[in-house]
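Residue numbering restarts at 1 for every chain, and letters A, B, ... go by the order of the sequence lines.
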2 protein chains.
Amino acid sequence: MTNPRSGCPINLTLETLGDRWSLIVIRDIMFGNRRHFRELLTGSDERIASNILADRLKRLVEAGLLTKADDPTHKQKAVYSLTERAIDLVPLLVQMGAWGRRHLPVTHEMSIRQELLEEGGPTLWDDFMDELRTLHLGAPPRGDSASVLERLTTAYRRALKQK
Amino acid sequence: MTNPRSGCPINLTLETLGDRWSLIVIRDIMFGNRRHFRELLTGSDERIASNILADRLKRLVEAGLLTKADDPTHKQKAVYSLTERAIDLVPLLVQMGAWGRRHLPVTHEMSIRQELLEEGGPTLWDDFMDELRTLHLGAPPRGDSASVLERLTTAYRRALKQK
DNA sequence: GCAACTGGTTGCATAATACAACCACATTGG
DNA sequence: CCAATGTGGTTGTATTATGCAACCAGTTGC
């Protein structure tokens, strides 16, 4: 953002993340733990195009929301990680999901994780954020009882099977 | 949204509001109490183009976020009002502003209202939402001590003068 | 009668997005 | 060694969205 339209917090957030794909990419890295290009390209229902994905990853790295690193297991593989700035989007993403669940035609299986996050409230969000810090920033694990991400993923997979 | 890309709550919210202008329009109606086309066109720093504004107003009405009504004082005037669905965006907008304030180069005078909303917490948001309901939906006033919108506006004007 | 105000529309240029095909290099299995 | 598959993308083209400036017809106040 070289020339922001204004210094309003809402506007600046919109200029950074206000498009149809950026938050989808972050959602998939955050909740799906997809760390590679191909996983992000083929993993989700929304079917992002490869050039758009490449562009968004580049922009998000430039905006300080992601970092890109080499994967030691494969010379061509790149690993994308969330930064603290992106982890700090958790409450915003939860609110987005909550509003969507209240007002838009969501499907059950895509809402189950959202439902759990809403029920858990800010305490659970904080646990989740801490977990993301160990997963993406290499922070020391806080030795929590059960992984939030695992709980979300298990519930999601169960809902998928029921379908 | 005739063909949603997926039934994910976050995605559906993004398909509804994920562009650079929709939430700016809602922000101005909500926090600036701008109810007419011209007020929305010329009132804010971001300088929206008239065709974009017209298009967004139309879409937001279609999406059930705004209603359009005739203004009795002027045959050509249209009054735009928030629906319950839009009022329900308050927590999301607060989170957006909070994130922007933490991570982006916001200006003081455009952050002051955001700051007050963050300090006030969910209790204040609820008061504000109730106030919006009386203002936009004609709900009976809840007889609150001081209008939240007034408090926000006063603080904003004071910050503007100091500049 | 006329200037200012009302909510827009129109035309054109540029930018973003979508879709499909393609690519060079790396790794794996036989 | 070789072929199949996996890797992160790029390229080309078509469509759609956005941005900008000019314009417009009806309404109101004086």
Checklist outcome for this item: DNA chain D nearest-nucleotide lookup for A/L41 and A/R5: closer to the 5′ end is A/L41
Nearest-Å distance for atom pair [atom1]/[atom2], residues [X] and [N]:
| X | N | atom1 | atom2 | value |
| --- | --- | --- | --- | --- |
| A/R47 | C/dT17 | CZ | C1' | 17 Å |
| A/R35 | D/dG8 | CZ | P | 13 Å |
| A/R20 | D/dT18 | CZ | C1' | 13 Å |
| B/I52 | D/dC20 | CD1 | P | 9 Å |
| A/L60 | D/dG9 | CG | P | 13 Å |
| B/L53 | C/dG8 | CG | C1' | 9 Å |
| B/D19 | D/dA17 | CG | P | 11 Å |
| A/L57 | D/dG8 | CG | P | 10 Å |

Checklist entry - Under 3.5 Å, is there a donor-acceptor pair between the A/T134 and A/R142 side chains? => result no
Checklist entry - Do B/S22 and B/R59 meet the criterion of a side-chain donor-acceptor pair at a distance under 3.5 Å? => result no
Checklist entry - With respect to the phosphate group of D/dA17, does any side-chain polar atom (N or O) of B/W21 fall under 4.0 Å of OP1 or OP2? => result no
Next on the checklist: For D/dT18 and B/R56 - does any side-chain N or O of the residue sit under 4.0 Å from the phosphate oxygens OP1/OP2?
Outcome noted: yes
Should [X] and [Y] count as an ion pair when the cut-off is N to O under 4.0 Å?
| X | Y | result |
| --- | --- | --- |
| B/E118 | B/R101 | yes |
| B/R133 | B/E84 | yes |
| A/R56 | A/D19 | yes |

Item to check | Proximal nucleotide (of C/dG8, C/dT6, D/dG9) relative to the A/R38 side chain | outcome: D/dG9
Dump the pairs, protein N or O against N or O of nucleotides 25-30 of chain C, anything under 3.5 Å, distances to one decimal.
from   : atom 1 : to    : atom 2 : distance (Å)
C/dC25 : O2     : A/Q76 : OE1    : 2.8
C/dC25 : O2     : A/Q76 : NE2    : 3.0
C/dA26 : O4'    : A/Q76 : OE1    : 3.3
C/dT27 : OP1    : A/K75 : N      : 3.1

Checklist entry - A/Y156 ring centre to A/R113 NZ or CZ under 6.0 Å, with the angle to the axis within 45°? => result yes
Next on the checklist: Under 4.0 Å, heavy atoms only, any strand: does B/K58 hit a base, just the sugar-phosphate, or nothing?
Outcome noted: nothing
Checklist entry - Base, sugar-phosphate, or nothing: which does B/N51 touch, judged by heavy atoms less than 4.0 Å apart? => result base
Checklist entry - Would A/M110 end up clustered with A/L116 when hydrophobic side chains under 4.5 Å apart are linked, directly or stepwise? => result no
Item to check | Upstream residue (5' side of DNA chain C) when B/D55 and A/S50 are each assigned their closest nucleotide | outcome: B/D55
